[in-house]
Amino acid sequence: MDAKYEFQAIEKKWRAYWEEHPVNVYDDKKPRYYCLDMFPYPSGSGLHVGHWRGYVLSDVISRYKVLQGYQVLHPMGWDAFGLPAENYAIKTNTHPEVSTRANIANVKRQLHEISAIYDWDREINTTDKAYYKWTQWIFARMFEKGLAYEKEMPLNWCPSCKCVLANEEATNGVCERCGATVTKKNLRQWMLRITHYAERLLNDLDKLNWPEKVKKMQSDWIGKSYGAEVDFKIKDTDKAITVYTTRPDTLYGATFMVLSPEHALVKEIATEEQKQAVEDYCFQASTKSSVDRMTDKEKTGVFTGRYGINPLSGDLAPIWVSDYVLADYGTGAIMCVPAHDERDFAFAKKFDLPIVPVILPEGEEDKELTEAYTGDGKMVNSPLFEGMTAFEAKKKAPLILEEKGLGKKTVNYKLRDWVFSRQRYWGEPIPLVHCPHCGTVVVPDDQLPVELPMVESYQPTDTGESPLAAMEDWVNTTCPKCGGPAKRETNTMPQWAGSSWYFLRYTDPHNDKELASPEALEQWAPVDMYVGGIEHAVLHLLYARFYTKFLYDIGVVPFDEPFTTLFNQGMINKNGSKMSKSKGNVVSPDELVAKYGCDSLRMYELFVGPPEVDSEWDDSGIDGVFRYLNKVWKLVYTYKDQPVEATKKSEFIRNKMIKDITTRLNALTMNTVVSGFMESTSEMIDLAKEQQGIDRASLETLLILLAPFTPHIAEELWQDMGHEGSVFAAGWPEWDEAKLVLDEIVIPLQINGKARENISISKDAAKEEVLAKAKEALASRLEGKTIVKEIYVPGKIVNFVVK
RNA sequence: GCGGGUGUGGCGGAAUGGCAGACGCACCAGACUCAAAAUCUGGCGAGGGCGACCUCGUGUGGGUUCAAGUCCCACCACCCGCACCA
């Protein structure tokens, strides 16, 4: 190479070299590190500069680990089942397999442009039969353990995707994927008992090195609460209603009750006079969209005509029906304490129901209630809790009620079981057969995978039937148990199924006997560093934890948390919003790579801002990084053949650079790593000019440190300096703290906290000497003033307080 | 409504309680050039002063401290998450 930075030729050359001589070498004598990107959906529109951000970050970490002497598992694959391919199939009548293959080829080409050290021998694709065989195998185990069950219930239905959604996919009443308003549909679906793992999913968050935000989102989603279940007998019947409350301390103030419209007793207990009104109300509630039901804060409701008996006060509590009570939380029925609950208060006001305070706020004994009081205070009108504060009573009440046989201590979770089946074609078939004699039978392992058949039409239906249901040849099969005629389950799995365990498969991707061997799992997993966007905080990340815990319980994996450390990279926006084809604000990396090279784009991706923060993309900034790499090139080329001896100053700069880059890299503050490089390199250039050359160690150290970030130019210059082989064999340098101590240090001087002068003093100067020198330097400013106080922080600062 | 986060030049952003604005972009001036580009050198928060310098300045208002972007209290704005979970 000549003295010009010809990035295109250099990058091509080293990419070819790495094909033959991989940077990362598996060697069991080395410690292991597993660094994983959330694998992409191979979309037709390809990658944009936002995708690069996470991939560059994880590659820098991986290459850094290689330099530190680790063997690194850094794989890549495809989360390839899913609706876009299927919708494309409907539009063009191309089989999803075909379009998926084409998309993968394109995205893979784009990924190669990043020059990440992915091990493509371990590439996986969730739509490969050899892969989804094990996705089905895991489901079969869950079925056997009773964790998969079928249930008919009102479910979230996306009218646009024409399939059911899990709770996690329908937050805010909107489809997570397409944004359509979700409706309710009564359907029989396969569910996974993720709720059995609620407690462990919550508790084990503590052992994870994850962003607090994500842990909080998961614990909020799991939503554990402590309270009590209390029975209210229904007057004039032999029935009782069980309510769940987190405020059993307020039980004496329960003046009415509300059942959810779906509660089993509603129709049974409604009196003759009220029956029609109740039925009308329940019908209306059932047609209300889930969004309206969530967002309509205006209370509605209807009286059933019946009364419950407050088990403590013996007072009658009218029983109402209202849609503000959710059917599937707690018992679907509540006791209402309007004096101390905002929602109950609003309901009581609207329907003119009695309000009885049982907690007195401190010092406001006689104040009339204009809103619910939810704070602490003295218990009143509550013989059982006499003399307690509300907070005490809240803690003790469940046990007191339990002793009296009036209720029991209860814990509740917001987490619901996972609605697992989908009425679409492009997913893993659920490996079950419905036999008229044997019931639902799981497909035996030796018949897995249940392959997706070729269909005529991918068109989903509005009825909740999968397109597979029309495939009679496929649907009709024989029962694995009795051999008689039987029908296949026609629903498929959600896209989350394949991604809930893929990180395990990378450890042993070609194993056809097991999803991965215990040895391979033991060797590599769990994932040390997992890099991806925050959008999966309660979806993929929760499901993957659930799967891992299940596989741990059945002895398939030797750990019960899949991702030790999680890093959420920020999004890259353009014109203030997320890049998307429809907004027309997509910046493609392809042109930038062509114009500036992969190294420049890699470094710029890290330079745009703190990696965990969203950033606005600005093309012009990459010029700065490109100029920087040209300076590095010129520096090395100018001085590599005329080295001088290392000096105190060059050693200071070199060691400071190692320290700065290493500590910032360890903290993952990559934007400041890049500025550190720029600063250190400028110092080296200035010094080289000053002393007519620079020592080899300085240049070599710079190249090694740069290697994880800008590997091509680092390799090229490393070679040009006369080295055989890769810079990645050089090992990560260490700094010598002793070299960072300068004989002369600069101390800023302040008067009344304001910076005035700087003095240069010996590092060993005594306090008296420093202060004397400071006074001398500040003499003219101190004239006529009295020094009231002298502050000297050794090596840091001098401050005189004067009058 | 509840919970979490953020607020610093024209812009992206730096700052273990110790010289605010590192590093970069944009911009301005100078050098090189016939000229331009590239490159190099310097400047670049606001106001005042011929000048050495001075005053103000990190969303707002208070406080702690010799010293506050950083700590404490109150408030404002924006962003994110959850949202009738009893």
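Convention: sequence-line order gives letters A, B, ...; per-chain numbering from 1.
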What is the distance, rounded to the nearest whole Å, between atom CZ of A:Arg627 and atom C1' of B:rC23? 14 Å
Distance check, C1' atoms only: B:rU16 and B:rA31, in whole angstrom units. 42 Å
Using a 4.0 Å heavy-atom cut-off, does A:Thr171 contact any base of the nucleic acid, only the sugar-phosphate backbone, or nothing at all? sugar-phosphate
A:Asp614 side chain to A:Met571 backbone, donor-acceptor under 3.5 Å: yes
Is B:rG17 in the syn or the anti form, by the rule that syn lies within 90° of 0? anti
In whole angstrom, give me the gap between the C1' atoms of B:rG17 and B:rC11. 29 Å
For A:Tyr226, does the six-membered ring have the charged nitrogen or CZ of A:Lys409 within the cation-pi criterion, i.e. under 6.0 angstrom from the centroid and within 45° of the normal? no
Does the B:rC84 base have a donor-acceptor partner in the side chain of A:Lys299 within less than 3.5 Å? yes
Touch class at under 4.0 angstrom, heavy-atom based, for A:Arg416 against every strand present: base
Sugar-phosphate, base or nothing in reach of A:Lys216, heavy atoms under 4.0 Å: sugar-phosphate
At 4.0 Å (heavy atoms only), tell me whether A:Asn671 reaches a base, stays on the sugar-phosphate, or touches nothing. sugar-phosphate
Say whether, by atom type as modelled, one donor and one acceptor occur between the side chain of A:Asn412 and the main chain of A:Ser225 under 3.5 angstrom. no
Any base atoms under 4.0 Å from A:Val608, or only sugar-phosphate, or nothing? Heavy atoms, all strands. sugar-phosphate
In a check of ring pair (Phe, Tyr, Trp, His ring centres under 6.0 Å) between A:Tyr604 and each of A:Trp617, A:Phe709, A:Phe626, which one passes? A:Trp617
For A:Gln692 and A:Tyr639, which heavy atoms make the closest approach, and how far apart are they? C-CE2, 4.4 Å
Would you mind checking if A:Glu757 and A:Lys773 are paired as a salt bridge, meaning a charged N to carboxylate O distance below 4.0 Å? no
Within the structure shown, what part of the strands sits under 4.0 Å from A:Gln750 by heavy-atom distance: base, sugar-phosphate, or nothing? base
Rounding to an integer number of Å, can you tell me how far A:Asp619 CG sits from B:rC11 C1'? 15 Å
Taking only side-chain nitrogens and oxygens of A:Arg664, does any of them come within less than 4.0 Å of OP1 or OP2 of B:rA14? no
A:Arg756 side chain, from C-beta outward: closest of B:rG18, B:rA86, B:rC54: B:rC54
Checking all strands, does A:Lys631 fall into the base, sugar-phosphate, or nothing category for heavy-atom contacts under 4.0 angstrom? sugar-phosphate
Report the nucleotide, chosen from B:rA86, B:rA26, B:rC19, that has the shortest atom-to-atom distance to any side-chain atom of A:Ala755. B:rC19
Whole-angstrom distance between B:rA14 and B:rG7, as gauged at atom P: 9 Å
Between CG of A:Asn568 and P of B:rG5 the distance, given in whole Å, is 15 Å
Of the options B:rC23, B:rU55, B:rC19, whose atoms approach the side-chain atoms of A:Phe607 most closely? B:rC23
For A:Leu635 and B:rC40, give me the distance from atom CG to atom P, rounded to whole Å. 12 Å
Could you tell me whether the side chain of A:Asp344 and the main chain of A:Val337 form a donor-acceptor pair under 3.5 Å? yes
Distance below 4.0 Å between A:Ser225 side-chain N/O and B:rA86 OP1 or OP2: yes
Can you tell me which stems involve RNA chain B, if a stem is defined as three or more consecutive Watson-Crick or G-U wobble pairs, both distances under 3.5 Å? B:1-7 with B:76-82, B:10-12 with B:23-25, B:27-31 with B:39-43, B:45-48 with B:53-56, B:59-63 with B:71-75
With rounding to whole Å, what would you report as the distance between B:rG4 and B:rA86 at their C1' atoms? 24 Å
Does A:Glu168 pair with A:Arg416 as a salt bridge, N-O distance under 4.0 Å? no
Taken to the nearest whole Å, CG/A:Leu415 to P/B:rA83 is 13 Å
For the P atoms, the ones on B:rU60 and on B:rU65, what distance do you get once it is rounded to whole angstrom? 23 Å
With the side chain defined as heavy atoms from C-beta on, A:Ile791 is closest, among B:rC19, B:rA86, B:rG18, to B:rG18
Out of B:rA86, B:rG18, B:rC23, minimum distance to the side chain of A:Glu679 belongs to B:rC23
How is A:Lys414 classified with respect to the nucleic acid when contacts are heavy atoms under 4.0 Å: base, sugar-phosphate, or nothing? base
Classify the side chain of A:Lys754 and the base of B:rU55 as holding, or not holding, a donor-acceptor pair under 3.5 Å. no
Could you work out which one of B:rA83, B:rC19, B:rU16 sits closest to the side chain of A:Trp221? B:rA83
Ignoring backbone atoms, establish whether A:Tyr324 has a side-chain N or O less than 4.0 Å from OP1 or OP2 of B:rA86. no
What interatomic distance, in whole Å, is found between C1' of B:rA15 and the corresponding atom of B:rG24? 16 Å
Find which nucleotide of RNA chain B each of A:Asn799 and A:Met678 is nearest to by heavy atoms, and output the residue with the more 5' nucleotide. A:Met678
On a whole-Å scale, what distance lies between the C1' atoms belonging to B:rU8 and B:rG21? 7 Å
Measure CZ/A:Phe709 against C1'/B:rG24 and give the value in whole Å, please. 16 Å
Between A:Lys215 and A:Glu212, does any side-chain N to carboxylate O distance fall below 4.0 Å? yes
Using a 4.0 Å heavy-atom cut-off, does A:Val258 contact any base of the nucleic acid, only the sugar-phosphate backbone, or nothing at all? nothing
Please report, rounded to the nearest Å, how far the P atom of B:rA14 is from the CZ atom of A:Phe677. 17 Å
Nearest-angstrom distance from the residue atom CG of A:Leu778 to P of B:rC66: 20 Å
Picking from B:rC19, B:rA15, B:rA26, the nucleotide nearest the side-chain atoms of A:Asp623 would be B:rA26
Can you see if the side chain of A:Lys689 gets near the phosphate of B:rU41 - specifically, an N or O under 4.0 Å from OP1 or OP2? yes
Taking the side chain as every heavy atom from C-beta outward, state whether A:Trp633 and A:Leu635 have any atom pair closer than 4.5 Å. no
Whichever of A:Pro610 and A:Gly330 has its nearest RNA chain B nucleotide further upstream toward 5': A:Pro610
Roughly how far apart, to the nearest Å, are B:rU70 and B:rG62 at atom P? 14 Å
From C-beta outward on A:Ser675, which listed nucleotide comes closest to its side chain: B:rC23, B:rA15, B:rC19? B:rC23
Distance in Å, A:Ile241 CD1 paired with A:His263 NE2, rounded so as to fall on 0.5 Å steps: 6.0 Å
